[in-house]
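Just so it is clear, the structure is predicted and the values come from calculations on it, not from any experiment. Each chain gets a letter, A, B and so on, in the order its sequence line appears, and its residues count up from 1.
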2 protein chains.
Amino acid sequence: MLSKKAKYALRALIALARADGDGPVLIADLARRERIPQKFLELILLDLKRQGILQSKKGRGGGYLLRKEPEAIYLGQVIRALDGPLAPLPCVSRTAYAPCEECDDEKGCGIRLVMKEVRDATARILDGTSLADLIERVDRQRPKRKGAPLRSSRAKTRAGGAKSERRTA
Amino acid sequence: MLSKKAKYALRALIALARADGDGPVLIADLARRERIPQKFLELILLDLKRQGILQSKKGRGGGYLLRKEPEAIYLGQVIRALDGPLAPLPCVSRTAYAPCEECDDEKGCGIRLVMKEVRDATARILDGTSLADLIERVDRQRPKRKGAPLRSSRAKTRAGGAKSERRTA
DNA sequence: TCCCGTTCCGAGTAAATTACTCTACTCATT
DNA sequence: AATGAGTAGAGTAATTTACTCGGAACGGGA
């Protein structure tokens, strides 16, 4: 089961991806717009920052933005960051392997065999889908306008001459 | 994440499948042999019985046995019975659908789209693998003896003339 | 330099879930 | 009727989830 935390994270990231290139987005705006409890969202964004997915800017004119392009942010990484390993059992996790204590011969464990299939299938999907893919798939079937600009508390931010200069620092 | 409950259930079912045709197996023997807390196992077996996967017999000579052949018991059913739906989100569950409250247009939800893929992949695997498949795959790669008979408290039960007459009642 | 807007951090907490245990009951067979 | 089994429901400790609170740290502008 995907936790609310991970779901909120995905929603926030999608919003940030749509606002990509428009400068930092305030936690407060994001929370209001996506109807996510603000304090909870703070935790989540911080996690995502520690994962290298987001970057932040403090003080006036600050907020959060993507650290990488939406094409390079995969759902697997996001969900692992917030919910832990994708694998249904620790003994089939590639990113967080741990032996099951009760199972003595791992090789001969049928449950493990099948769960490994499940893990692989899940990982193939989630590590193969980027934020950009997600957005594209949604927009393709329901081509809505690129959305009124996300930020609202800060009305007159300049959107920067050329789009999306992503600071690498 | 697969719960211990579901894992215990699978282990117990595998053992019962291997003992299929040898008459009822005692909870106590199953618990000891599979190193599962007995009282907990009782709950689990009862669940499986309610699901129509197991049948039981009370009194002396009683115990649990499969209600269907190992070929007809699919992992998906077992796991759903104990851990609930396979789907990572209620809104993509086929067996336990529920709309997400915050998501207004389900059709246009990208998260849902991807999670549906995950659910489908998982279900394809788990609803496509039977107890018999599981056992066969294990035995094929490590062809161990069919195991010393499971029961030990009751030494001299007659194994029934022809194998495996499964009562349909 | 001081203020203010903003993120960052540690702790705390209520509710739900998990992984069990306890006690007693019911039912079948001998 | 005694005994050997499963059946039922309540209870509970530990963990996880989904948050909240209060304030410290930092950055930029006046």
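Here the OG atom belonging to S93(A) is positioned 14.0 Å from the CE atom belonging to M115(A), to the nearest 0.5 angstrom.
A search for side-chain contact (heavy atoms from CB on, under 4.5 Å) contacts involving Q38(B) returns I27(B), A28(B), A31(B), E42(B), not counting sequence neighbours. For A98(B), the side-chain contact (heavy atoms from CB on, under 4.5 Å) partners two or more places apart in sequence, or in a different chain, are P90(B). Take L113(A) and apply the side-chain contact (heavy atoms from CB on, under 4.5 Å) test, not counting sequence neighbours, and it matches R137(B), Q141(B). Under the salt bridge (charged side-chain N to carboxylate O under 4.0 Å, His left out) criterion, E71(A) pairs with no residue, sequence neighbours left out.
Whole-Å rounding puts the D47(A) CG to dT7(C) P distance at 16 Å. The interatomic distance linking Q38(B) (CD) with dT23(C) (P) rounds to 15 Å, in whole Å. Taking atom CG of residue L41(B) and atom P of nucleotide dT18(C), one finds them 18 Å apart after rounding to whole Å. With rounding to whole Å, K4(A) atom NZ is found 15 Å from dT16(D) atom C1'. A straight line from CD of Q55(B) to P of dG6(D) spans 13 Å, rounded to a whole angstrom. Between L46(B) atom CG and dA5(D) atom C1' there is a gap of 13 Å when expressed in whole angstrom units. Spacing between atom CD1 of I44(A) and atom P of dC19(D) amounts to 8 Å, rounded to whole angstrom units. If you take CD1 of I27(B) and P of dT21(C), they are 14 Å apart, rounded to a whole angstrom.
The side-chain heavy atoms of L66(A) and L13(A), taken from C-beta on, include a pair separated by under 4.5 Å. The shortest side-chain heavy-atom distance between L89(A) and K7(B) falls under the 4.5 Å cut-off. No side-chain heavy atom of L134(B) sits under 4.5 Å from any side-chain heavy atom of L10(B).
A close approach under 4.0 Å does occur between a side-chain nitrogen or oxygen of R50(A) and OP1 or OP2 of dC9(C). For S56(B), a side-chain nitrogen or oxygen approaches OP1 or OP2 of dT7(D) to under 4.0 Å. Contact annotation: Y64(B) side-chain N/O to dA5(D) OP1/OP2 distance is not under 4.0 Å. In this model, the phosphate group of dA18(D) is not approached by any side-chain N or O of Y8(A) to a distance below 4.0 Å at OP1 or OP2.
Listed nucleotides dC19(D), dT6(C), dC9(C) differ in distance to P37(A); the shortest reach to its side chain belongs to dC19(D).
Between D120(A) and K116(A), at least one side-chain nitrogen of the basic residue sits less than 4.0 Å from a carboxylate oxygen of the acidic one, meeting the salt-bridge criterion.
Of the residues in residues 77-93 of chain A, none has a non-hydrogen atom less than 4.0 angstrom from any atom of DNA chain D.
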Annotated protein contacts, base or backbone, on nucleotides 21-30 of chain D with a non-hydrogen cut-off under 4.0 Å, one of B, S, - each: BBB--S--S-
